[in-house]
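Residue numbers begin at 1 in each chain, while the letters A, B, ... track the order of the sequences.
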Amino acid sequence: MSGGGCSIVWFRRDLRVEDNPALAAGVRAGAVVAVYIWAPEEEGHYYPGRVSRWWLKQSLAYLDSSLRSLGTCLITKRSTDSVSSLLEVVKSTGATQLFFNHLYDPLSLVRDHRAKQVLTAHGVAVRSFNADLLYEPWDVNDAEGRPFTTFAAFWERCLSMPYDPEAPLLPPKRIISGDVSRCPSDTLIFEDESEKGSNALLARAWSPGWSNADRALTTFINGPLIEYSKNRRKADSATTSFLSPHLHFGEVSVRKVFHLVRIKQVLWANEGNKAGEESVNLFLKSIGLREYSRYLSFNHPYSHEKPLLGHLKFFPWVVNEGYFKAWRQGRTGYPLVDAGMRELWATGWLHDRIRVVVSSFFVKVLQLPWRWGMKYFWDTLLDADLESDALGWQYISGTLPDGREFDRIDNPQFEGYKFDPDGEYVRRWLPELARLPTEWIHHPWDAPESVLQAAGIELGSNYPLPTVGINAAKARLEQALSEMWQLEAASRAAIENGTEEGLGDSTESAPIAFPQDIHMEENPEPVRNNPPNTTRRYEDQMVPSMTSSLLRVEEEETSSDLRNLAEDSRAEVPRNVNINQEPRQDTLNQGIVHTVRTNNTLPQFNVAMVVGNAEDSTAESSSSSRRERDGGVVPVWSPPSSSYSEQFIGEENGIGASSSYLQRHPQSHQIMNWRRLSQTG
DNA sequence: ATTCTCTTTTG
DNA sequence: AAAAGAGAA
């Protein structure tokens with residue numbers, strides 16, 4: 001086919017052979033070298049947690065064997081710098097092209113852009129594709145062409161785009177292997193000795209790998225999907241799709257999920273199956289939230305460390321590592337929260353509802369800094385995903401325009417009876433409460449002494465009393481808010497007087513650091529799903545360490561480099577390049593629709609486009625390639641041009657904030673509420 | 001029809 | 001927590 005050397009297909013979080021545009025492009029172009037580069041130091045703080053690494057290991061092995069059955073193998077490289085490793089692979093294989101699929105987290109955006117620059121400079125043709133989303137972030141804009149800032153509007157737009165998401169690609173029938181005789185694989189180490197025991201148990205519950213993902217998808221769509229809406233509020237039932245870890249690593253493509261679900265949707269709509277339709281809409285909405293997390297991360301690349309709305313800048317967070325520890329250990333004294341936290345630690349999994357419960361408790365009752373909680377989720381979740389993690393915690397913390405109101409405190413006792421009405425979930429994960437009657441199971445502190453005695457519970461020793469009472473939390477929240485207002489007023493006055501510039505900024509832009517030396521007792525035997533009659537005392541509950549033991553010192557440099565880079569640059573400011581589009585000829589089924597879109601002006605916001613290697617593009621378009629529109633485009637960051645805070649937070653005083661995010665949401669509910677509150681308080 | 005109450009939803 | 005919706009009186 002295309003002359004010259006082979007192409008590298010760079011796998012990242014697209015560990016599948018089906019509907020993988022980068023792989024398809026490589027196969028079309030001739031011989032393929034499939035590469036995975038393990039460079040966790042590049043992730044800085046966000047070195048993947050134990051269970052996430054376990055999954056990755058399995059998934060890579062699976063991908064390797066799939067590739068082998070197709071005629072090639074997966075080359076694995078251990079690296080501290082992905083781009084240099086790519087160059088080495090280029091040198092040792094004589095590759096002339098590089099294909100990969102887009103990622104949207106801030107680190108990847110920077111790294112992938114560099115990869116493109118460096119390899120292009122070395123004469124390698126680089127092309128990248130959309131494999132992770134229904135629509136590229138820069139394709140979804142409001143009527144004025146600006147990115148959406150609320151989920152509902154975003155998702156509505158996605159569902160009414162003038163062209164459908166791409167139909168999934170079939171897996172290649174066979175792959176011609178490039179010459180890898182001079183490109184040996186490194187052995188990748190994903191777990192240390194202390195982790196092996198715990199990891200062994202994960203395999204009982206989960207099967208990573210793309211065809212397992214496929215099976216999970218089919219099972220879900222043909223089974224629980226129709227009941228999704230009815231069952232979604234049960235903390236405990238196995239009615240979710242369980243697709244999130246598969247989706248995180250790209251073992252199954254969202255586009256495939258979307259298409260299969262849509263088929264059901266049409267079917268049920270025809271049958272007039274109301275419940276089915278509602279279920280589909282709800283499930284698609286959760287897919288939409290995943291899309292939105294990428295969208296947000298792309299448009300606001302600091303959303304994993306900075307609040308999108310800056311109005312909490314002066315909030316006096318409770319920096320109390322004791323609270324943090326109690327939360328992690330599942331010893332807050334609120335049964336639903338504790339059950340959730342123990343399930344999380346034991347299994348790496350939590351139902352979405354319970355994620356909301358425990359994180360809301362964290363932010364509103366304990367009033368701990370949300371990034372701690374976010375980091376802990378990152379460290380412990382099997383489906384840990386930076387973009388979703390950030391979206392979730394920002395939503396809970398009320399720093400999104402459409403997030404939860406900040407002064408809303410959810411009461412875990414009431415939520416307990418809502419999501420776990422019979423207390424079964426609590427009994428499973430808190431064996432010490434197993435004998436408590438349902439009447440008291442979600443608020444043992446109210447139970448009569450005789451009841452507690454009969455259940456073998458001694459509050460304060462057996463099971464803790466509430467760490468913070470709900471009423472105390474409410475009081476403290478009010479007080480903290482008025483404190484915040486005072487601080488803000490002071491800061492505003494200072495700025496108006498011109499005496500002070502960066503007071504506020506320094507507060508918020510030096511975010512409260514992660515606790516450094518929280519090393520907990522690591523228990524070699526992981527806590528399993530304890531049968532209710534086991535009498536395990538809470539002291540036995542093990543807790544993971546916050547800082548990964550695998551982090552090395554040299555990494556500090558890497559990560560701080562990256563952080564500096566991140567701090568100085570900001571996303572966007574498009575210099576829009578019109579992209580080379582001839583109307584696509586879709587070999588499958590959507591050719592006509594696409595002409596519409598190609599005539600539309602291309603995105604002018606948020607992303608600078610780089611036209612792909614010209615020679616390559618033409619070669620592609622002359623063949624009947626279906627994904628050529630993605631092929632030439634790599635999202636690119638423009639060089640640093642202004643400080644972060646102007647762009648993303650916007651100074652509340654309005655100075656020079658014409659384009660500020662906050663100003664686009666002047667009616668932000670939080671602020672209204674606080675004004676009211678501070679007058680009374 | 002109108003108000004009141006209970007339920008559901010809220011990213 | 002608050003608002004919107006559904007259903008009852």
Between A:Asp139 and A:Arg157 (salt bridge meaning N to carboxylate O under 4.0 Å), is one present in this structure? no
Rounded to whole angstrom units, what separation is found between the CD atom of A:Glu291 and the C1' atom of B:dG11? 15 Å
A:Leu289 CG to B:dG11 C1': how many Å, rounded? 5 Å
Any donor-acceptor pair under 3.5 Å linking the side-chain atoms of A:Asp410 with those of A:Ser360? yes
Spacing between A:Phe154 atom CZ and B:dT10 atom C1', to the nearest angstrom: 18 Å
Looking only at C:dA1, B:dT9, B:dT10, the nucleotide nearest the A:Glu278 side chain is B:dT9
Between C1' on B:dG11 and CD on A:Glu156, what's the gap in Å once rounded to a whole number? 15 Å
Answer with base, sugar-phosphate or nothing: what part of the nucleic acid does A:Asp352 contact at a heavy-atom distance below 4.0 Å? base
Taking only residues two or more places apart in sequence, or in another chain, which ones meet A:Asp14 in a side-chain hydrogen bond (donor to acceptor under 3.5 Å, both in side chains)? A:Asn101
Atom CZ of A:Arg408 and atom P of C:dA3 are separated, to the nearest Å, by 12 Å
Any salt bridge between A:Glu424 and A:Arg427, counting N to O under 4.0 Å? yes
Students often get this wrong, so: under 4.0 angstrom with heavy atoms, is A:Ile409 touching a base, only sugar-phosphate, or nothing? sugar-phosphate
A:Glu415 CD - C:dA1 C1' separation (whole Å): 11 Å
Ring of A:Trp378, cation from A:Arg371 - is the NZ or CZ under 6.0 Å from the centre and inside 45° of the axis? no
Provide, to the nearest angstrom, the distance between the CZ atom belonging to A:Phe148 and the P atom belonging to B:dG11. 15 Å
Is the phosphate of B:dT10, meaning OP1 or OP2, less than 4.0 Å from a side-chain N or O of A:Lys285? yes
Rounded distance (Å) that lies between atom P of B:dT10 and atom CZ of A:Arg355: 19 Å
Using a heavy-atom cut-off of under 4.0 Å over every strand shown, decide if A:Gly392 touches base, sugar-phosphate, or nothing. base
Does B:dG11 have A:Tyr395 stacked on its base, where the ring centres are within less than 5.5 Å and the planes differ by under 30°? yes
